[in-house]
Amino acid sequence: MSFSENKPAQKLADLGVTQPHEIAPLFTEIRARFDADASAAHDEFTWKQFRDAWLGRKSGVLTLITDNWLKPSPPELKRAVGAALNELRAHVESQVEARRVAIESGADEAALARERIDLSLPGASRPIGSHHLIRQVFQQIEDIFVSIGFSVVEGPEIETPYYNFEALNIPEFHPVRDDMDTFYLDLPKGAETPLLMRTHTSPMQIRTMEKRQPPVRVIVPGKVYRRDNPDATHSFIFHQVEGLAVDTDITFCDFTGTIEYFVKQFFGPGVKTRFRPSYFPFTEPSVEFDVSCIFCGGSGTSASGGTCSKCKGAGWIELFGAGMVDPAVYGFVKYDPKKVSGFAFGMGIDRLAMLKYGIDDIQVFFQHDARFLRQFP
Ligand code: PHE
């Protein structure tokens, strides 16, 4: 008898079953069919179909057996059918549940396998950058000055002419303004004051003294702007560190001693310093600091015996401008020039970095060429 006959849909009498001993083989057949169905249920969808086929209220196999075999049976068959049906029901219910558990945990396993993180796989590589050489030199300079009691302050890159010039004792028609030609901002008509990109970090001398009473010891790292045409030593944007120390008893000796200390810390103990008279409207006296040439050791002669190309045989390299704060400047910040004295300096960081690391073109600082940057990790 083939299953396609779907025996549970027929009455026992129609199947020709009349004796109790004929019941067991019938149920064995049904059970075999069930077991085959059970193993074919392999995912949630086929499991649901399987469950409904056997346990469905209206036309599930168990319902059909109850309706067609059990209910209409004469009492002598009913017992045997009832007992076999109970056994079958217990088997069906437990197996349907067991399949469900198996399918679910199988799905979990598949998901686990799918989502497993393989820690041995190479990750997405993110190349680690480094500080730009200018940033590194800023840091070196800050470390040196902080170690001797200076603090670091920063100020605006857009300034008013008052802070950039006037309060630094540079009135409107002073000729030094020619060297500091810069970028003025286009402002709406009627703006209170013109605005410009600062030409040096010196405006922070004024801003600091306006806010603080002596003793003042600060350095100011930052960007500055000038209308210079770019070449190997000029850029319209470059970097400075300003320094300012004002107190009641600061002398020229404190000034030169501090600078010398810094230069030796920065370039190494072997270098010598010297200063020459110079001019800045906001320092008096003003000096230009030189360092003995770090390329030829101050001899003026290169290793090959010719003239040192870096210092052009002079043995000295110009480093930066500085001086004792001009008493006129104290007038702008309401310090008493009779009571206080101090010094200020302003160094070009790009220039210091070029000297220290033997770089001969300032433009490389701004070109972001990884081949250059990688040399200073
Ligand atoms: N601000 C000057 C410049 O940029 C440098 C300087 C600073 C000189 C402080 C003296 C004192 O050229």
Side-chain angles (χ1 to χ4, degrees), residues 134 138 141 145 150 152-157 159-171 174-183 196-209 216-228 233-247 250-252 254-256 258-260 262-263 273-291 317-330 332-333 335 337 340-354 362:
I134 294 292
F138 266 137
I141 295 172
F145 280 103
F150 283 73
V152 181
V153 294
E154 285 185 50
E157 288 173 25
E159 269 297 5
T160 62
Y162 176 78
Y163 285 108
N164 198 80
F165 297 123
E166 275 106 74
L168 286 162
N169 206 26
I170 313 174
H174 198 292
V176 298
R177 286 210 188 189
D178 291 348
D179 299 335
M180 292 197 171
D181 199 5
T182 187
F183 307 100
L196 55 99
M197 303 308 291
R198 66 179 174 191
T199 59
H200 50 178
T201 40
S202 302
M204 276 305 285
Q205 290 188 31
I206 306 301
R207 289 184 180 276
T208 305
M209 288 189 283
V216 165
R217 268 182 223 94
V218 293
I219 53 166
V220 189
K223 291 195 190 80
V224 301
Y225 303 79
R226 289 186 199 174
R227 259 189 51 189
D228 285 336
T233 53
H234 293 85
S235 165
F236 53 82
I237 168 170
F238 58 103
H239 305 82
Q240 287 190 332
V241 170
E242 189 83 9
L244 174 71
V246 181
D247 203 345
I250 290 189
T251 65
F252 198 84
D254 296 322
F255 167 45
T256 54
T258 304
I259 298 296
E260 195 173 317
F262 162 73
V263 171
T273 57
R274 73 173 187 190
F275 56 86
R276 292 171 290 116
S278 185
Y279 175 76
F280 299 99
F282 39 94
T283 47
E284 180 60 35
S286 299
V287 304
E288 204 69 53
F289 260 93
D290 294 348
V291 64
I317 286 184
E318 193 181 307
L319 262 196
F320 54 83
M324 299 302 285
V325 177
D326 192 310
V329 171
Y330 295 130
F332 288 95
V333 296
Y335 277 13
V340 296
S341 58
F343 60 85
F345 53 86
M347 33 203 177
I349 303 316
D350 313 74
R351 182 171 165 70
L352 288 187
M354 287 166 77
I362 192 175

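As the structure lists them, so they are numbered: ligands from 1, and atoms in each ligand from 1. This is a predicted model, so every value here is computed, not measured.
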### Message
Show me which atoms of ligand 1 lie under 4.0 Å from any heavy atom of F345.
### Response
7 (C), 9 (C), 11 (C)
#### Entry: Interfacing atoms of ligand 1 (cut-off 4.0 Å, heavy-atom, F282)
1 (N), 2 (C), 6 (C), 7 (C), 8 (C), 9 (C), 10 (C), 11 (C)
### Query
In terms of side-chain geometry, is the basic nitrogen of E159 or R207 positioned less than 4.0 Å from the acidic oxygen of its partner?
yes
#### Entry: Numbered atoms of ligand 1 (with element) below 4.0 Å of T283, judged on heavy atoms
10 (C), 11 (C)
### Query
With a cut-off of 4.0 Å, which atoms of ligand 1 are near a heavy atom of R226?
3 (C), 4 (O), 12 (O)
### Task
List the steps and the verdict of salt bridge (charged side-chain N to carboxylate O under 4.0 Å, His left out) for E318 and R276.
CA-CA 10 Å; E318 193 181 307; R276 292 171 290 116; 3.6 Å; yes
### Message
So is Q240 touching ligand 1 or not, going by heavy atoms under 4.0 Å?
### Response
yes
### Task
For the residue pair H200 and F165, categorise the inter-ring angle as parallel (less than 30°), tilted (30 to 60°) or perpendicular (more than 60°).
tilted
#### Entry: Closest non-hydrogen atom pair between R226 and F183, with its separation
O-CE1, 3.7 Å
## Note on the structure
Q205 heavy atoms within 4.0 Å reach ligand 1 at atoms 9 (C)
### Task
State the atoms of ligand 1, each with its element, that fall below the 4.0 Å cut-off from a heavy-atom position in S202.
1 (N), 7 (C)
### Task
Step by step, work out the side chain to side chain contact (heavy atoms under 4.5 Å, CB included) result for R351 and I317.
CA-CA 11 Å; R351 182 171 165 70; I317 286 184; 3.4 Å; yes
#### Entry: Option from F252, F255, F345 for which ring pair (Phe, Tyr, Trp, His ring centres under 6.0 Å) with F275 holds
F252
